[in-house]
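So that the names make sense, note that chain A is the first sequence line, chain B the second, and so on, each numbered from 1.
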Protein chains: 2
Amino acid sequence: MRADRELKNLIQKGQRDFLSNLSIDCVIFGFHAGQLKALLLRYKHSREWALPGGFIYKKEDVNQAANRILRERTGLSEIFLQQFRVFGSPRRIDHAREMGKFIRRSGIPLAKNSWLLGRFITVGFYALVDFSAVSPAPDHFSDACEWYDMHSLPALMMDHTEILTKALAALRLQLNSQPIGYNLLPEKFTMPELQKLYECILYKRLDRRNFQRRILGYGILRRHKETKKGMGHKAPYLYSFDLRKYHLALQEGLTGGW
Amino acid sequence: MRADRELKNLIQKGQRDFLSNLSIDCVIFGFHAGQLKALLLRYKHSREWALPGGFIYKKEDVNQAANRILRERTGLSEIFLQQFRVFGSPRRIDHAREMGKFIRRSGIPLAKNSWLLGRFITVGFYALVDFSAVSPAPDHFSDACEWYDMHSLPALMMDHTEILTKALAALRLQLNSQPIGYNLLPEKFTMPELQKLYECILYKRLDRRNFQRRILGYGILRRHKETKKGMGHKAPYLYSFDLRKYHLALQEGLTGGW
DNA sequence: CCAAAAGTGTTGCTAATACACCCATGT
DNA sequence: ACATGGGTGTATTAGCAACACTTTTGG
């Protein structure tokens, strides 16, 4: 079985190829149907869900490693990635031992002193992707890979819930200084969609009219002639980001708080 | 010589005691004489300056390791510490080799494959301290330890200039959400001092009157009856932070940008 | 008594809030 | 025709920026 071979390979040669004691965990944010979502996976023989993660090759840049891991998982490259925190509690080792249990359940032998069971300090990244461009698919080590609404998450392994929470907090803080809208929405989107995105991230309602005025006031959007028809009410305009102006505005930081 | 013994010890036993490939670098900010300063040291037999740094014991929490390193360096505990970024370029290894040169200059043998010459991913922390409470003193490995004005830094080893720059940027971003004033100033301070601190961090002038109104508007300061005399002009009032209200206000984030 | 630097006050503008009305679309 | 949701407009208010005058201190 291909999966078994991959796992054996990781167990046997991981220590040689990867930096020890160091891992990466990615919170992949997507936006769909008015919900902010995170891409989670479930390792084989585990009941809890986990963040996509991986290790860093000995000569690999940390940020590039995160890119690679994301590419392997979503098929996307050129992903917007941001490291937001290091999780370095020594208690993470206790949790890692739990992980060992379900690797053994797969029948693959795992030595008690395997590098995989050691202590890992993990660098937390968040990624922003266009939901519609990703087709979640489990890899060799997992049997499920799905989007979950950020506000109704399943049970997560280890400290992944904390990582997710901190990622959302970072996202909130950086809403006015990073091109968050651009990376989470498709090329063309409507104003109500953009507003809903903001509402999900901030977790509070915003006034429709004031939101529109403020966003348009930044001068970072281009309005298309087309509208989005087919929903039993007035068709909203489609917008796109004017990347040049967007990045210019972000350098200053968009004004005010939400 | 004590210093030699310490260094030999680090070279020989470091690999056993510390997590490999992982280090911590601290940007220690202080404020004095109207200047924002960083505490730098110079390793023996080196001409370039460096950030205080260290390694993480195998069972030690990363944040606690940073605290320990800071304590060893400044004698202070309970320091305000904030991790702000991971520096993980594989090119850091080239620089590390330079470091090897001046270790060898000290006459201590250093094997080519020593763990100290390997690749290090470093977690960047910034620390905020009360300048007057620190007496900089070189340790066993360094022959100088001094404060430098953030805006006239000496040549720094490796990528430490970048780390310093990123730390300042982080400080700027968090000015309204972290108790930065509290940790950089002495117990009692004057309004002009606080303003100068803000100006140093933001690197721009602020209007004296508007600054005062805004800060006082937050309701986070207590004004003392005493004033600070002896400077050939009107004596400014002394203030202290009302910690309760300060932290309460920070949770919301102080309004607006600067 | 004068220079330097601090305390205090006023005004106007900009931008965020809180509203109401009209328009397009599918059923 | 009507319910739903989107586009546009206006009054009010809060906060920031710009600016002037007075007060205290040491030399």
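- Remark: P of dA5(C) and CZ of F211(B) are 18 Å apart, rounded to the nearest angstrom.
- Side-chain contact check for H224(A) and S240(A): at least one donor-acceptor pair (N or O, by modelled atom type) lies under 3.5 Å.
- Considering only residues two or more places apart in sequence or on other chains, D242(A) meets the side-chain hydrogen bond (donor to acceptor under 3.5 Å, both in side chains) condition with none of them.
- The distance between atom CG of L206(A) and atom C1' of dA16(C), rounded to the nearest whole Å, is 12 Å.
- Taking F211(B) as the reference, Y198(B), W258(B) meet the ring pair (Phe, Tyr, Trp, His ring centres under 6.0 Å) condition, with sequence neighbours excluded.
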Side-chain atoms of residues 154-161 of chain A: list all donor-acceptor pairs with protein atoms under 3.5 Å, sequence neighbours left out, distances to 0.1 Å.
residue, atom, partner, partner atom, Å
D159(A), OD1, R92(A), NH2, 3.0
D159(A), OD2, R92(A), NE, 2.7
H160(A), ND1, L51(A), N, 2.9

Can you tabulate the close N/O pairs, meaning under 3.5 Å, that link protein atoms to atoms of nucleotides 6-10 of chain C?
residue, atom, partner, partner atom, Å
dG7(C), OP2, Q212(B), NE2, 3.3
dG7(C), O4', K234(B), NZ, 3.3
dG7(C), N7, R208(B), NH1, 2.9
dG7(C), O6, R208(B), NH2, 3.1
dT10(C), O4, R213(B), NH1, 3.1

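- Using a cutoff of 4.0 Å between basic side-chain nitrogens and carboxylate oxygens, E199(B) and R205(B) are scored as salt-bridged.
- Residues satisfying the side-chain contact (heavy atoms from CB on, under 4.5 Å) criterion with Q83(B), sequence neighbours excluded, are R85(A), V86(A), N63(B), V123(B), F125(B).
- Defined by atom type and a distance below 3.5 Å, a donor-acceptor pair is missing between the side-chain atoms of E193(A) and Y239(A).
- More than 12 heavy atoms of other residues, nucleotides or ligands shown are found within 6.0 angstrom of OH on Y43(B).
- Taking the 5' to 3' direction, DNA chain D first and last meets chain B under 4.0 angstrom from a heavy atom at dC16(D) to dG26(D).
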